[in-house]
Amino acid sequence: MAADSGKRTPQRGARQASQPWRQQFDSWLAHHRKVARDSNQRLWRAPVASLLTWLVIGVALALPAAMLVLLGSLQGVSAGWENAARVTVYLEETVTESRARELQQRLATQAGVSGVEFIHREQALAEFREASGLGEALDYLNDNPLPHTLLVTPQDGQRSAEAIDALVANIDGLADVARVQVDLGWLQRLNVLAELLGRAAWVLALMLAAAVVLVIGNTIRLAIENRRDEILVARLVGGTDAFVRRPFLYTGVWYGLGGGIVAFLLLQISAWWLSGPIDRLAALYRSNFSLSGLSMEGTLVLLLVAVALGWLGAWLAVKRHLDAIEPE
Amino acid sequence: MIEFQQVSKRYDSDHTALRNVNFLLKRGELAFLTGHSGAGKSTLLKLIMLMERPTAGRVIVGGQELNRMPRRQIPYIRRHIGVVFQNHQLLFDRTVFDNVAMPLEVTGVPSGDIGRRVRAALDKVGLLSKEKMNPMQLSGGEQQRVGIARAVVNKPPVLLADEPTGNLDPALSADIMHLFQQFSQVGVTVLIASHDIALIRHMGRRMLTLNQGLLTDGDAMPTGEVLYGG
Ligand SMILES: Nc1ncnc2c1ncn2[C@@H]1O[C@H](COP(=O)(O)OP(=O)(O)OP(=O)(O)O)[C@@H](O)[C@H]1O
Ligand SMILES: [Mg+2]
């Protein structure tokens with residue numbers, strides 16, 4: 001060895017440069033594989049500590065993910081309930097029954113309208129008497145205060161908020177129409193609630209993502225402390241920053257991936273456990289609501305986000321704690 | 001191969017570790033660096049390794065001036081310098097083989113070549129049979145030799161050693177010095193910081209002597225002073 005060391009020393013650089021890039025790339029890839037495997041094995045060598053970290057990350061990821069899944073399911077509900085969207089048209093009190101029926105015919109032929117129901121003022125009063133329970137008190141009224149009413153059902157393709165708004169504006173502009181009311185009822189409230197919930201989920205997601213990054217960052221910081229000697233030697237023999245950081249970045253990725261898998265399992269188990277009661281509840285409300293677990297894409301996104309957060313946490317720890325370790 | 005031009009190193013505002021040091025080591029030269037404790041020997045070696053930067057002057061290694069070397073270039077310089085320290089900095093969580101393989105791993109040597117080259121280096125220091133052991137299971141002298149194998153495994157043109165024979169018995173020290181001598185014979189420039197005056201005299205090589213950071217004896221080969229060292 002010593003003999004050829006002397007001959008080769010001067011050509012070192014040239015010899016390395018002439019190495020085919022393919023071989024360089026292969027050994028780089030092989031090193032990545034080795035580091036990935038090593039850092040994974042390291043985690044399994046301390047199974048309890050690693051499992052705890054994975055659980056913490058998993059729970060932190062599962063919470064916002066569960067909220068987002070729930071929101072997805074709620075949006076399914078609103079899609080179903082748009083069936084119920086109806087436009088109530090109150091006519092002027094002076095409008096006679098025949099004029100109202102005329103208007104009914106006219107509206108029925110309008111684009112975007114699937115049907116128009118006529119409700120006579122007397123019928124409306126009777127219904128009100130029933131529903132309100134005021135009963136005889138209403139007999140003291142001299143006149144029926146209610147106008148004739150038309151119930152307009154939009155066509156299937158015309159139930160978006162914009163289409164209904166357009167329809168309302170259109171009807172509102174007609175003569176004889178006193179007031180137009182879109183009857184979305186609790187659906188509307190549900191939508192507002194869903195929006196609120198959605199925002200809350202994102203705030204929660206951001207905060208918990210930060211927590212995941214911090215947990216992983218701190219875990220990596222400890223790993224860096226534990227492997228201080230190895231880092232010093234690697235630097236001493238000419239390891240680049242990238243080389244020295246690589247095992248820790250992979251460790252972060254493994255933490256993230258493990259946490260993502262835990263979160264996925266938590267979500268699937270909860271969805272399975274809750275699905276029975278929820279289906280019964282939904283049946284009571286005659287709703288098509290059903291709690292869907294994570295879709296394929298959802299799972300993929302969850303795992304990718306988990307891995308990205310793991311990598312980010314590791315990167316921050318490495319930036320802060322590893323670059324400061326220099327041999328002296 | 002190694003050149004210092006009016007190099008000074010000041011750690012704190014008042015404490016100067018090296019003052020105006022000049023010397024030149026040629027390719028294949030072996031030299032000793034001596035001086036009292038705190039004279040600046042380790043500091044001088046650290047300047048070559050870019051573990052410290054000079055306050056003034058120029059350090060040139062292998063034709064490259066280190067002063068203006070940006071941080072991210074440092075690893076590539078270090079790959080051409082083998083180092084042996086007294087606290088040999090072996091890693092006890094892996095085998096002798098894996099310890100010696102580290103310099104090859106950082107340069108991305110294919111794994112097939114790694115085995116061949118690590119065994120060649122271990123063979124050179126007479127430890128081929130112990131490649132699978134943990135360095136903890138080795139004696140001090142053996143550990144020191146593992147450190148040397150690691151320093152030379154990627155055939156660096158420069159080899160630095162800081163007290164490589166401290167704590168070793170005379171026979172082992174002589175062995176290790178003999179190893180260094182062999183490396184210099186094949187063209188490696190070797191610089192050894194050591195207190196062991198007797199051994200250095202015995203080797204009869206060039207000696208750089210530091211005193212309070214000043215290079216008091218740089219070029220003369222010590223002759224006729226054997227009594228002083230003995
Ligand atoms: N990192 C540092 N910060 C401040 N002063 C330092 C540092 N390293 C060394 N010194 C000082 O520089 C001087 C030279 O130190 P150096 O370690 O080079 O001496 P040495 O010749 O190697 O000594 P020894 O034989 O004891 O190892 C000493 O006075 C020491 O106190
Ligand atoms: Mg010293």
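Letters A, B, ... are given to chains in the order of the sequence lines, protein chains preceding strands, and every chain is numbered from 1.
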Under 4.5 Å to a heavy atom of chain A? For B:D123 that would be neither
Part of B:Q185 lying under 4.5 Å from any heavy atom of chain A = neither
Could you tell me which of A:L232, A:D229, A:V233 has the largest number of non-hydrogen atom pairs under 4.5 Å with chain B?
-> A:V233
Measuring heavy-atom distances to chain B, does A:R235 have an atom under 4.5 Å in its side chain, in its backbone, in both, or in neither?
-> both
Which answer fits A:E230, side chain, backbone, both or neither, if we ask what part of it has an atom under 4.5 Å from a heavy atom of chain B?
-> both
For B:V7 and B:R58, the nearest pair of non-hydrogen atoms, with its separation, is CG2-O, 3.3 Å
Minimum heavy-atom separation for A:A234 to B:V106, with atom names?
->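 Between these two residues, the closest heavy atoms are O-CG1, 4.3 Å.
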Selection from B:R72, B:M102, B:M49 maximising heavy-atom pairs under 4.5 Å formed with chain A = B:M102
Does a donor on one side chain and an acceptor on the other come within less than 3.5 Å for A:N218 and A:R221?
-> yes
Would you call B:E29 and B:R205 a salt bridge, using N to O less than 4.0 angstrom?
->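 No, this pair does not count.
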May I ask you to say whether A:K34 pairs ionically with B:E105, meaning some side-chain N is under 4.0 Å from a carboxylate O?
-> yes
